[in-house]
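Notes follow the structure.
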2 protein chains.
Amino acid sequence: MRTRVQDSFRALADPTRREILVMLSKREMTIGEIAAEFPITRAAVKKHLTMLEEGQLISVHPIGRERINRLEPTGIKNVHDWMSYFDQFWDDKLSSLQTLLNNQ
Amino acid sequence: MRTRVQDSFRALADPTRREILVMLSKREMTIGEIAAEFPITRAAVKKHLTMLEEGQLISVHPIGRERINRLEPTGIKNVHDWMSYFDQFWDDKLSSLQTLLNNQ
DNA sequence: ATTAAATGATACCAAAAGGTATTATGTCAA
DNA sequence: TTGACATAATACCTTTTGGTATCATTTAAT
């Protein structure tokens with residue numbers, strides 16, 4: 001099954017891709033600029049960017065011969081929404097753990 | 001690199017595992033009970049549960065010959081914390097999109 | 001004490017992921 | 001127009017992942 005949520009979760013499951021997202025949160029970058037920051041080839045970075053785009057975590061904007069990669073909030077919201085269901089659990093559980101620790 | 005955050009993200013990247021988490025949010029279950037809900041073998045489910053445990057998304061509690069699988073908030077919090085950095089972006093961006101739509 | 005039940009462990013397989021190298025394509029600049 | 005530059009596309013390789021089948025181990029029940 002390949003839903004939008006699935007593509008977003010899959011894209012976030014790789015540390016290099018998460019690092020790229022942090023970089024793009026500071027400024028828009030081309031593939032070449034991103035690749036310069038990693039010890040892997042441009043081709044490998046391109047694959048990561050494709051997955052990030054499929055997960056709606058970035059959008060890509062061709063300008064001339066360059067392609068500007070931009071952070072896109074949709075994918076993060078996908079994941080955020082799915083996870084929000086569990087907020088009640090870790091909220092309750094961790095706060096009661098906190099209470100437990102405070103009382104010792 | 002295999003950090004705790006990485007293990008949590010990796011565990012969430014599979015749809016079967018996410019479904020298991022939803023099931024465990026309703027009640028604690030043994031491996032056998034979980035496996036009965038999926039068209040895959042117990043061995044496959046066991047592997048999923050191992051990854052969920054590594055990602056700190058569940059905890060496992062042996063009782064007699066059974067193993068009770070319980071939802072564990074730590075892993076979800078790991079992911080939540082990592083993602084909270086991006087809240088500013090999708091918060092701003094989506095709210096300005098909302099504003100844009102409202103003004104049309 | 002035996003047997004059945006619940007799980008663990010291992011070896012194996014196909015497909016997906018993450019990577020490389022190489023070749024092709026489009027675009028800017030002299 | 002002819003290079004040089006930025007990216008695309010393809011073929012290929014290795015490791016991880018998701019799955020199976022099989023056998024071993026522990027525990028409950030008769």
Side-chain angles (χ1 to χ4, degrees), chain A residues 1-24 27-70 75 79, chain B residues 1-24 27-70 75 79:
Chain A
M1 196 190 332
R2 259 195 65 186
T3 122
R4 302 159 305 284
V5 173
Q6 174 56 28
D7 282 348
S8 299
F9 269 109
R10 184 183 60 146
L12 285 176
D14 181 88
T16 299
R17 287 194 289 268
R18 290 199 305 277
E19 216 178 314
I20 290 175
L21 289 182
V22 172
M23 288 167 50
L24 291 181
R27 63 183 186 95
E28 304 178 349
M29 296 173 81
T30 65
I31 295 186
E33 287 174 329
I34 297 171
E37 304 284 331
F38 293 97
I40 59 180
T41 63
R42 269 194 312 277
V45 170
K46 171 65 163 68
K47 287 191 182 179
H48 284 312
L49 292 174
T50 298
M51 286 200 196
L52 286 170
E53 195 179 9
E54 287 172 351
Q56 298 176 280
L57 288 154
I58 65 169
S59 54
V60 187
H61 308 272
I63 297 188
R65 64 182 159 183
E66 297 188 339
R67 284 164 65 87
I68 306 296
N69 297 274
R70 178 182 306 159
V79 172
Chain B
M1 196 190 333
R2 259 195 66 186
T3 130
R4 303 158 306 282
V5 173
Q6 173 56 28
D7 281 347
S8 300
F9 269 110
R10 185 184 60 147
L12 285 175
D14 181 89
T16 299
R17 287 195 289 269
R18 290 199 306 278
E19 217 177 315
I20 290 176
L21 289 183
V22 172
M23 289 167 50
L24 291 182
R27 62 184 187 93
E28 303 177 350
M29 297 173 80
T30 66
I31 294 187
E33 287 173 330
I34 297 171
E37 305 285 331
F38 293 96
I40 59 179
T41 63
R42 270 194 314 277
V45 170
K46 171 65 162 68
K47 287 190 182 180
H48 285 311
L49 292 174
T50 298
M51 287 199 195
L52 285 170
E53 197 179 8
E54 287 172 352
Q56 298 176 280
L57 288 154
I58 67 170
S59 54
V60 187
H61 308 271
I63 297 188
R65 64 180 160 185
E66 297 188 338
R67 284 164 64 88
I68 306 295
N69 297 274
R70 178 182 306 159
V79 172

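Proteins get letters first, then strands, A, B, ... in listed order; numbering begins at 1 in each.
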Look up atom CD in B/E28 and atom CZ in B/R70, then write down how far apart they are to the nearest 0.5 Å. 4.0 Å

Tell me which residues in residues 56-63 of chain B put a heavy atom below 4.0 Å from DNA chain C, sorted by number, or none. none

Verify the contact: side-chain N or O of A/R17 to OP1 or OP2 of C/dA17, cut-off strictly under 4.0 Å; return yes or no. no

Shortest non-hydrogen pair, B/E33 vs B/T30, comes out as OE1-N, 2.9 Å

Using the salt bridge (charged side-chain N to carboxylate O under 4.0 Å, His left out) rule, collect all pairs that involve residues 46-58 of chain B, keeping only residues at least two apart or in two chains. B/R2-B/E54, B/R10-B/E54

For a quick test of reading the model, state the closest non-hydrogen atom pair linking A/L57 to A/G75 and the distance between them. CD2-C, 3.8 Å

Contact list for DNA chain D against residues 30-51 of chain A - heavy-atom distance below 4.0 Å: A/T30, A/I31, A/G32, A/R42, A/K46

Could you tell me how far apart A/F9 (CZ) and D/dT17 (P) are, to the nearest whole angstrom? 17 Å

Earlier contact from the 5' end, DNA chain C, for A/T16 and B/I68: B/I68

Counting just side-chain N and O atoms, does B/R65 come under 4.0 Å of either OP1 or OP2 of C/dA4? no

Is the side chain of B/R67 donor-acceptor paired with the backbone N or O of B/V60 at a distance under 3.5 Å, no angle test? no

A/N69 CG to D/dA8 C1', in whole Å, measures 14 Å

Where do B/L52 and B/I20 come nearest, in terms of heavy atoms and distance? CD1-CG2, 3.9 Å

Of all heavy-atom pairs between B/T16 and B/D14, which one has the smallest distance, and what is that distance? N-OD2, 2.9 Å

To the nearest Å, give me how far apart CD (B/E66) and P (C/dA4) are. 19 Å

Spacing of A/D14 atom CG relative to C/dA16 atom P, expressed in whole Å: 18 Å

CD1 of B/I34 to CG of B/L49: how many Å apart, nearest 0.5 Å? 4.5 Å

